[in-house]
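Below you'll find the structure, written out as C-alpha cells, and then a few comments.
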2 protein chains.
Amino acid sequence: MSPRDPNPRGARRSKDDVVDAALVLLDRVGLPDLSMRRLGEELGVQPSALYWHVASKQELLAQVSARILAPVALRDGDPDDLERAAVTLGRRLHDRLLAHRDGAEVVSSSLALGLVASPVHDGLRTIDDSPAADVVADAVTHYVVGVTFHDQQRRAADAWGTAASTVALSPESAAAPAPDAFEAALALIARGIAPWRADIGRASDAAAPGA
Amino acid sequence: MSPRDPNPRGARRSKDDVVDAALVLLDRVGLPDLSMRRLGEELGVQPSALYWHVASKQELLAQVSARILAPVALRDGDPDDLERAAVTLGRRLHDRLLAHRDGAEVVSSSLALGLVASPVHDGLRTIDDSPAADVVADAVTHYVVGVTFHDQQRRAADAWGTAASTVALSPESAAAPAPDAFEAALALIARGIAPWRADIGRASDAAAPGA
DNA sequence: ACCTGAACACCGTTCAAGT
DNA sequence: ACCTGAACACCGTTCAAGT
C-alpha cells in the first residue's frame, strides 16, 4: 500500500518496467511533475538506479513516446492512396496523443530531437516514395501535434487557473477547433497537398531515380 | 566589463529592460540555459528582484514571445484575400521564429498557454470573419511552428552531438523540408483550406449571422 | 519603487561502493 | 546485473527587510 518499498525482496526492474511506470506516472501527475526522483520513489528505488536502465531522462521520454505512438502504424485494411492514408494516420495520431496526459508535448520533443520515428512519415513512405509523401507527412504531423499540444496545455492551464491574462479569452476558452473542424482541416490539408506531385524538393539527392 | 555589477549606481531597471535582456540572453545561451538566476546576474541584480517586474518565468517568456511576434502583423500593402494573406503571414512567422535561438519553442508554449495573441489568427480575422479564417490560421500556425521547432531542435542536437540514436539518420540529418518544399507546402495548405467556406464548425455559436 | 539576503522545496546526473 | 548513498551543480519562487 505504501509508496515506499513496494519491492521489499530482490525483485529487480527491467527497462520495460521503468518505461511502464513512467507512462503511468505521466498520466497521474503530468509532465511537469514527472521527475526522475518521483519515478524512483514510485518504483521503490533510488533515482540514481534509473540511470542503469536509461541514459537520460530524454531517452526515457523517447521510450514513452514510442509506446504512445506504436498503435498509429499503418495496418491491413487501411487505405492505400496517399490522401486517405494521411487522413487515417492523422486521426490515429490525434487519438493516441489525447490518450495520455501531456501526450502531445512528450511526443513533440522526442520527434523534434529525432529520438523516435514518426509513424506518419514511415507509413506514408510505404505508399509513395516520392518526396511528396514527406511533405504530406510533415503537414499532417505538425498540424495534429500542434493542435493537440495547444489543446492539452489550455486544458491544464484552465484547470489550474493560469488562464485569463494577456489575451482576452471567450468564456469557453476559445481553444481547439471543434471536432468537425479538426476533421475537415485534416482532410483539406491532405487533399491540398497529396495530389500535388510536381517537383516538390528537387533538393533531395538522386535517391530513387526510377520512382 | 565584468558581468557583476554593471549598474553600480542607483540605475534601476524597467520591465522593458528585463524583457530586452532576456531576449539577448536567449539568443546567446538558448532556452535550456535561460534561467532567472542567470538573467539576474546579467542585469546585476538578485534573481528575486526579477519578480518585482514579472509574475513568473512563464510571463517573462510570454513577453519575449510578444517581442518576437510583433513584426508578423498584417500591414499595408499585404494581400487582402484569405489564401494569399495566410501565405504572407506564415512566411513572416517562419522568418521571425528563425530570427531567435529556440524561437519556435518559446513562442509555441506561450501560444499554447494563451499568454500571447496569435498574429496569424488576428490578421486573418480582419480579412474574413467566418470560422474558416480560424481554421486556416490554425493550420498555417501549427505547420510553421512545428516545422521550425523541429528544425531548431535538430540543429541544436546536431551541434551538441545528441544525434544518432534510436532513429537512423541520413548524413545530412534529414531535418526540415528544403526551403522550396516549405514554401510549396505553405501555399498548398492555404490553397486547400482557404477556398472552402462550407459550414466548417457550426459548433461556433451564432456570432456573425450575416457574414 | 525597486532591490537584497536568505531560505524552501526542489531538480538531473555522476560515481564509488555494495550485493 | 542491479542498486545505494552521497554528492555536485543547479533550479523557480517567496518573503521579510532594507533604501
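Labels below follow one simple rule: chain letters A, B, ... track the order of the sequence lines, proteins then strands, and each chain is numbered from 1.
- At a threshold of 4.5 Å between non-hydrogen side-chain atoms, the residues B:H100 and B:L97 do not count as touching.
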A correct 5'-to-3' footprint of nucleotides 13-19 of chain C, with B, S and - meaning base, sugar-phosphate only and no protein heavy atom under 4.0 Å, is BBB----
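- Atoms CG (B:D17) and P (C:dC2) sit 10 Å apart, rounded to a whole Å.
- In DNA chain D, stems built from 3 or more consecutive Watson-Crick or G-U wobble pairs, each with both distances under 3.5 Å, span C:4-8 with D:12-16, C:12-16 with D:4-8.
- Following rounding to the nearest Å, B:H53 (NE2) and C:dC2 (P) show an atom-to-atom distance of 7 Å.
- A donor-acceptor pair shorter than 3.5 Å cannot be found between the side chains of A:D17 and A:H53.
- Regarding B:L50, its CG atom lies at a distance of 14 Å from the P atom of C:dC2, rounded to whole Å.
- A salt bridge is defined here as a Lys NZ or Arg NE, NH1 or NH2 lying under 4.0 Å from an Asp or Glu carboxylate O, and B:R28 with B:E42 meets this definition.
- In this structure, a donor-acceptor pair under 3.5 Å is absent between the side chains of A:D16 and A:S14.
- Annotation: side chain of B:V120 is not in contact with side chain of B:R92 (no heavy-atom distance under 4.5 Å).
- When the P atom of D:dC11 is taken as reference, atom CZ of A:R38 falls 23 Å away, rounded to whole Å.
- Residues B:R38 and B:V29 meet the side-chain proximity criterion, which asks for heavy atoms closer than 4.5 Å.
- Annotation: side chain of A:L31 is in contact with side chain of A:L61 (closest heavy-atom distance under 4.5 Å).
- Nucleotides D:dC3 and C:dT14 place their C1' atoms 14 Å apart, quoted to the nearest Å.
- Only one option out of A:V45, A:L50, A:V64 pairs with A:V18 in a side-chain contact (heavy atoms from CB on, under 4.5 Å); it is A:L50.
- When the P atom is compared between D:dC10 and C:dA9, the two are found 22 Å apart, to the nearest whole Å.
- In this structure, B:E59 atom CD and D:dG12 atom P are separated by 15 Å, rounded to whole Å.
- Put simply, CG on A:L34 is 13 Å from C1' on C:dC11, counting in whole angstrom units.
- Ring planes of A:F182 and A:Y143: parallel class, angle under 30° (limits at 30 and 60°).
- Here D:dA7 presents its C1' atom at 13 Å from CD of A:Q46, a figure rounded to the nearest Å.
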